[in-house]
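What follows is a set of notes on a single structure, which appears directly below.
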Amino acid sequence: MPQPSSCEAPSPPLSTAPPPSRNPYLRLFTVPGTRAFTVGNLIARLPMGMFSVSAVVMIAGSRGSYALAGAVTATGLAATALVAPLIARLIDRHGQARIAVPATAVAALGSLALLLCVRYGTPDWTLFAAYAATATTPNTGGMSRARWAHLFKGDPAAVHTANSFEQAADELCFMLGPVLAAFLCGTFFPEAGTLVGAVLLMSGVLIFSAQRSTQPPPGGRTKARSPLRSPGMPPLLLGFLAIGAVFGAMEVVTIAYADARGHRSAAGVVLALQAAGSCAAGLLYGVLKPAGPAERRYPWCLTAMAALLTLPLLAARLTDSLLALAGALLLAGMATAPTMVTAMTLVQQRTPESRLNEGMTLAVTGLLGGIACGSATGGWVVERVSATAGYGVPVAAAALALLICLASLAVRARRTVRVRRAVRTKRTERTKRTERVRRTMRVRRTAGPTTGG
């Protein structure tokens with residue numbers, strides 16, 4: 001627990017770097033408090049991959065309707081897209097602990113209300129209302145990234161390693177969350193996944209928020225512009241929307257592909273391999289020291305992502321083997337984490353410091369919206385064409401993200417050229433004006449004595 005004196009004023013960022021270490025990840029955790037808030041964050045983040053699966057199993061099992069279950073989870077996703085940025089803005093303004101704990105309590109109560117509504121057979125509309133209340137769940141991954149950025153301010157290498165670790169943690173939690181939810185719901189009772197998820201979420205946020213010494217200081221009311229209006233942010237958020245479509249489509253199409261071959265139960269394992277490849281690549285990317293600024297690395301990461309995503313399409317079309325598809329997804333996942341780490345670094349660079357959590361939450365909201373769009377598009381292609389053709393949707397989504405990035409770079413380059421041209425024009429006009437003044441002064445000096453004579 002924190003000392004009483006640290007409850008109101010968080011500590012300033014580190015003035016000196018931690019002791020050097022050959023392992024950059026060990027270097028991160030030499031800072032007091034980082035291990036404790038990381039443990040709390042991982043506990044709180046694990047339910048993020050549990051709630052939707054648990055809700056679908058619970059609702060479909062009791063009401064006999066996957067359509068109703070899907071509509072309820074979609075409503076929760078839409079509510080999260082609206083509410084999450086507002087929660088993040090309050091966190092930036094008033095501090096993580098002050099807002100995250102009550103917001104999580106509301107979300108946990110929403111999950112428990114959903115459980116009770118399902119258990120006691122209340123009308124369908126109550127399911128939508130209860131699940132919508134979970135939209136107040138704070139972005140624990142964003143809060144953790146904000147802490148690393150605060151602690152290692154002025155140390156880009158450490159921030160890069162921290163972002164890589166956080167991305168690997170995201171992949172791990174979203175890989176283990178659905179598996180744990182399915183196990184709990186199938187082994188004990190249908191509501192077990194939701195119940196355990198709510199307990200984990202509340203416990204993790206309490207542990208995380210108790211570490212006051214590492215949290216960024218509250219920004220208060222700020223005149224800093226909204227992240228949506230920050231230069232370079234709108235196209236970056238559009239890119240997150242396209243990347244989210246990759247994830248959403250890949251999940252639906254893989255389940256359909258495995259189901260068509262009589263191995264639907266293996267779909268979770270196959271998708272877990274993709275997450276495992278991304279997790280491993282994220283950890284490796286954090287050890288490396290990428291050359292050049294993140295803005296230059298980002299299009300190359302998207303190019304690699306689009307290229308590797310063709311592997312599942314080729315495996316599905318040429319081999320018709322689930323084993324070959326699993327290997328292709330493992331390789332394709334290796335481009336995900338570097339892309340996400342680089343994109344999150346750009347979000348941190350382009351967002352005002354006093355609104356950092358809001359900026360990262362907007363990025364996550366873009367991902368969630370993309371996942372919903374990708375799931376719908378992938379499902380449509382599977383039904384109208386085939387599961388094999390569905391693997392073209394993630395490729396198209398990654399290519400769209402790359403085109404958005406390249407178009408943004410082209411616009412910024414043209415704007416830079418115009419600004420430089422305007423500056424050169426002003427300098428030329430200033431030089432000419434100065435030269436005219438000097439010429440006039442010389443004429444006056446030369447004419448002065450003659451007039452006086």
Side-chain angles (χ1 to χ4, degrees), residues 37 39-63 68-144 173-174 177-178 180-181 184-185 188-211 357 361 364-365 368:
F37 87 67
V39 170
N41 183 262
L42 291 176
I43 294 173
R45 207 184 305 191
L46 183 60
M48 298 300 104
M50 296 176 60
F51 282 132
S52 60
V53 174
S54 300
V56 169
V57 172
M58 184 171 59
I59 295 172
S62 65
R63 305 293 170 99
L68 176 62
V72 170
T73 55
T75 300
L77 186 65
T80 299
L82 294 174
V83 175
L86 301 178
I87 297 296
R89 187 179 304 171
L90 292 174
I91 288 174
D92 284 330
R93 183 177 297 175
H94 301 291
Q96 293 183 352
R98 184 173 295 181
I99 301 300
V101 173
T104 303
V106 172
L109 289 175
S111 296
L112 295 177
L114 176 67
L115 185 155
L116 294 174
C117 289
V118 172
R119 187 76 172 178
Y120 293 101
T122 60
D124 289 350
W125 67 266
T126 60
L127 306 182
F128 291 90
Y131 202 68
T134 64
T136 61
T137 304
N139 177 16
T140 52
M143 291 193 297
S144 185
C173 291
F174 277 101
L180 178 59
L184 292 170
C185 294
F188 299 100
F189 48 92
E191 297 86 1
T194 300
L195 180 62
V196 172
V199 173
L200 289 175
L201 176 64
M202 194 72 240
S203 302
V205 170
L206 286 173
I207 295 172
F208 178 85
S209 300
Q211 315 308 314
N357 196 66
T361 301
V364 173
T365 301
L368 293 176

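- Glu191 contributes no side-chain N or O that, together with a main-chain N or O of Arg119, makes up a donor-acceptor pair within less than 3.5 Å.
- Looking at every heavy atom in both residues, Ser62 comes nearest to Val118 through OG-CG1, 3.2 Å.
- When all heavy atoms are compared, the tightest approach of Pro138 to Ile91 is CB-CD1, 4.1 Å.
- Taking all atoms of both residues into account, the shortest heavy-atom contact from Ala133 to Gly110 is CB-CA, 3.9 Å.
- The side-chain contact (heavy atoms from CB on, under 4.5 Å) search around Ser111 returns Phe51, Thr134, Thr194, Ala198, not counting sequence neighbours.
- Not counting sequence neighbours, the partners of Ala135 by the side-chain contact (heavy atoms from CB on, under 4.5 Å) test are Ala79, Thr80, Val83.
- Residues Cys117 and Arg63 share a closest heavy-atom pair of O-NH2, 3.3 Å.
- At least one side-chain heavy atom of Leu195 sits under 4.5 Å from a side-chain heavy atom of Leu112.
- In terms of heavy-atom proximity, Tyr131 sits nearest to Gly76 at CD2-CA, 3.6 Å.
- Distance check: Leu68 CG to Asp124 CG gives 5.0 Å after rounding to the nearest 0.5 Å.
- For Ala81, the side-chain contact (heavy atoms from CB on, under 4.5 Å) partners two or more places apart in sequence, or in a different chain, are Thr365.
- Every residue meeting the side chain to side chain donor-acceptor pair (under 3.5 Å) condition with Thr126, not counting sequence neighbours, appears here in chain and number order: Thr122.
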Result block: side-chain N/O donor-acceptor pairs under 3.5 angstrom for residues 40-50, not counting sequence neighbours:
from	atom 1	to	atom 2	distance (Å)
Asn41	OD1	Arg45	NE	3.0
Asn41	OD1	Arg45	NH2	2.2
Asn41	ND2	Thr140	O	2.7
Arg45	NH1	Glu166	O	3.1
Arg45	NH1	Glu166	OE1	3.3
Arg45	NH1	Asp170	OD1	2.6
Arg45	NH2	Glu166	OE1	2.3

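- A pairwise comparison of heavy atoms in Phe208 and Gln96 identifies CE2-OE1, 3.4 Å as the closest pair.
- Not counting sequence neighbours, the partners of Ala192 by the side-chain contact (heavy atoms from CB on, under 4.5 Å) test are Leu184, Phe188, Phe189.
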